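Following: one structure in structure tokens, then a few remarks.
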Amino acid sequence: MQKAFDPESFESRLYGWWSERGCFRAEDESRKPSFSIAMPPPNITGALHNGHALFVTIEDVLTRWKRMSGFNTLWLPGTDHAGIATQMVVERELAKQGLKRQEMGRKAFLAKVWEWKEKHGNIIVDQMKRLGGSPDWSRLQFTMDPGLSKAVRHVFVTLFEQGLIYRGTRIINWCTRCQTALSDLEVTPTDRKGHFWHLKYVPTGGGEALVIATTRPETLLGDAAVAVHPEDDRYKKLIGKKVKLPLLGREIPVIADSYVDREFGSGALKVTPGHDFNDYDIGKRHNLEIISVFDKTGKVNEHGGVYQGLSIPEAREKILIDLEAQGLLVRTEDHAHSVGVCQRCERVAEPMVSDQWFMNVKPLAEKAIEAARKGEKLTLEEVDKRDDAIKFLPEGWVNTYYQWMENIRDWCVSRQLWWGHQIPAWYCHNGHITVSRDDATKCATCSSTKMRQDDDVLDTWFSSGLWPFTTLGWPEKTKAYERFYPTAVMETGFDILFFWVARMIMMGMHFNDGKVPFKRVYLHAMVRDEKGQKMSKTKGNVIDPLDIIKEYGADAFRFTLSIMAGQGRDVKLSLDRVEGYKAFCNKLWNASRYVLMRLGHVASELPGDPLPKADFQKITGGKPLAEWVSAGRAKFHPINRWILAELDRTIAAVESGLEEFRLNESSQALYDFVWGQYCDWYIEFSKELLQHSEFISETQGVMMHVLEQALKLSHPFIPFITEEIYQHLPERPGVEKGAALMLATFPKRNARTTPEAEQAIEMVAVWKASIEKLRAFRGENNISPKARPKITYEVSDRGKADAFIAGVPVIRALAQLESLEAETGYLRGNPTTGEVLSGTAKFFIPLKGLVDVDGELKRVEKEKQTTLADIEFTKSKLAKPTFIEKAPKELIDKEKDKLRALETRVADLDHALGRLRQLK
RNA sequence: GGGAACAUAGCUCAGCUGGGAGAGCGGCGCCCUUACAAGGCGUAGGUCACAGGUUCGAUCCCUGUUGUUCCCACCA
């Protein structure tokens, strides 16, 4: 092993090695239980960002954990064609060569997109590999693969046959730049500074003009009426009368509708059914004419009179000038309001009336709500066992889901794009529609053979909504489908809860006999920068995950993401943290080197004390280490028993964290164990233990076993470094040479703590406390780390004498003492002796030449003060009659014991103070 | 307008349904001790946003206030 941890030297080598050995493969036929995750397919236009890194990490941790735990594990990867996004990227690319999609024609353009896809579509796949992701790449799917496309058609046609998909003329959101319809979700409300213009509408019969406020004066071209509230006394007499539309002079009626808010503006509303959602509804109620005045490119059409041909902003400007000139503009005020913009290009989305395909999702939504309601009442384990319930994690999201689902509206599924699944509907020259799974050549109504397929494609989310089952070969009843549907968990970002998760649940249940597509939904947080701001190119605060990997290694990055991915919390990515966890990897690396040296399998750099080369065949008598440990651990040295108990505790913590997707808890437990226990204490203890021949082989065995288990336990989080170290481990019974850690068995928690383990934990706790007290004494008194004092001890708790004495050698070693012997009366009472008390023992330290008396006086005085405060606090607690009456007995006894101990302590401190003062 | 989450050490966060607050980074001091200076040891630093309530006891449960963030919604 190299001396320094250098992730670049092994990451890509190991990934290739796993891949060659088929470590990522899931089996269609297997006796093992199944565990499956459908990967949220990244867009083919995407470059790996931190959101991807987070989901790859989380899903890979789960996948690797389940794989090692004996499951036939499928993590199914794929990519999404991402209709608008991809089409825009390719169009931009072509524009550089002076090419336009409209001029090329559909066929040639699509050929270019496919070409682009072949070239760039898998970049993100390679990037996911850099992170160590372990999906079954042999099953990689693309939303426009033939199988999936076939399934999409099947779904569309089936829904059409069921009357759930229909073609209709309705008001929809339209992007004049992308020139396509958008669903409600693809329009993002954005705060914009605008104006409120107050316009005059003059009644035809004369009289006072109506003043109407609008933020969009250009829409007056399409006004079909003016609406007032039926109870509004100001306008009552005008209802049924007509007013003259400014500029155009068309006469429009004044109607009464209770939708109008009397308090808002002037209380009169211009109604433009062709270009406003609410006005469209009002228009329906009053049978108003729908006048569309803008065309698909956002220009005024032939209904706009002299304004025809102007763009919307141009028309607005001109209209305002003209209104002003005619004295019809009463006043203008600033007005901040929210407008819907196209999610992709950020241009203001126009409500327009248009022919589109819609899906009635309400009936599907009801069942999807039902599944979540069931899941809410069940535990995670119960949900895992059935296929009709879904559990949300964090639970709070389920409310957001209900809110949307309960108010769901028909989904506009057609898009006026070329890149995507073309709608399987054909029109004959008589205008009949034929919807068909195969390319229609004959009209179903009139048998005409002059057929033309609908130009439109489906919303990208339509096909991704089918992802969890179409990727398994559905509608064919494939083995993969039988084995892996429903999937275990859907892990993705909350930002696509409605776009994707909700639709998968609806579609999944509808097309799979009510079986949910996944049993758990785990919504992870957003990755933000360290100040909590969204990362964006314009802010310039984007951290490229590939740069992080390059600088700190994939493992350190993964570990950072895991430990920061507390449920539902934002992940504030800070490079300081990544650096800290790289240090953790380095620690693990070096601890492993130490172990290998002590096993004699790596040339020791230590002068002298060569240890025998560990022969595990001999040490364990041919048994696998785990068996040898569980058979013999009760009789091991307390230090070995203790670290095994700590390991058990860690296994339990890691596992329970993983079960509930609390990756932060699992990784924190690993960190604490590896660094805080194994490295800081066990390895230090072992240096002493290995000096005693009777403990050498036992300690070598335990040291090796614990390292191996720790590597297994950490592997899902930090796969590369653990595999690399694992491959350096010496031969041992039960482990095939060259076996991959990735496919090793995940540690199982030990049944329960035995008395022997309890005893060892207690003993080691006493030793650690003694060492810490002695170190603190040295630190506070500025005793040089190089000094090796000779000190003595006296056991204060006779019952624990043996336990304490067994630890004397390690205390001596870790507290850097020349000697630690039983006090024989020589140091006690000597005015130059310092005393350190630690629970069960008292230490006597000759101070002469080591310490300055003033410093020590200060220290003791300070400790006395805090102890006195503690006594005060405890006394007052015990003095309360209500506490004595109502608090549990154990607690009261504990408090009383504590008080006694504190009082003894104060007496000792007074004693020490007296001595020190004498010394002065 | 409706809903949700959050507010704990200088910074980033733990604290898993109540019994005297923890970690990492940063700070300070000492040490290149034979796995690791990407290290070791020690140490400082908190009225757990604020105000009430429940309780013997509240960072934790309830109510309100303030602040931050997010989602949903048709106010022209």
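What's counted below: heavy atoms across the whole structure, side chains too, no hydrogens, waters or symmetry copies. These numbers come from a predicted model, not from an experiment. Just so it is clear: chains get the letters A, B, ... in the order the sequence lines come, proteins before strands, and each one is counted from 1.
Checked against B/G20, B/C56, B/C72, the side chain of A/Phe498 finds its nearest nucleotide in B/C72. The side chain of A/Lys877 lies closest to B/G20, out of B/A76, B/A35, B/G20. Counting only heavy atoms from C-beta on, A/Trp675 has its side chain closest to B/G39 among B/G20, B/C36, B/G39. Side chain of A/Glu684, nearest nucleotide from B/G42, B/A35, B/A14: B/A35. Proximity note for A/Asn590 (side chain, C-beta onward) versus B/C72, B/C36, B/G20: the nearest is B/C36.
The phosphate of B/A35 has neither OP1 nor OP2 within less than 4.0 Å of any side-chain N or O from A/Lys587.
For the pair A/Arg598 (side chain) and A/Ile683 (backbone), a donor-acceptor distance under 3.5 Å is absent.
In this structure, the CZ atom of A/Arg192 is 15 Å from the P atom of B/A76, given to the nearest Å.
Residue A/Tyr259 places a side-chain atom within donor-acceptor reach of the base of B/C74, judged by atom type and a 3.5 Å distance cut-off alone. Judged by atom type and distance alone, A/Thr874 reaches the base of B/G20 through a side-chain donor-acceptor pair under 3.5 Å.
Base pairing analysis places B/G29 opposite B/C41; the two distances defining the Watson-Crick or G-U wobble pair are each below 3.5 Å. Across all strands shown, B/A14 forms no Watson-Crick or G-U wobble pair with both distances under 3.5 Å. The base-pairing partner of B/G1, taking Watson-Crick or G-U wobble contacts with both distances under 3.5 Å, is B/C72. The pairing partner recorded for B/C50 is B/G64, the criterion being a Watson-Crick or G-U wobble arrangement whose two distances lie under 3.5 angstrom.
A salt bridge does not link A/Arg262 to A/Asp232: none of the charged nitrogens lies less than 4.0 Å from a carboxylate oxygen.
Note on A/Pro189: nothing from the nucleic acid sits closer than 4.0 angstrom, heavy atoms only.
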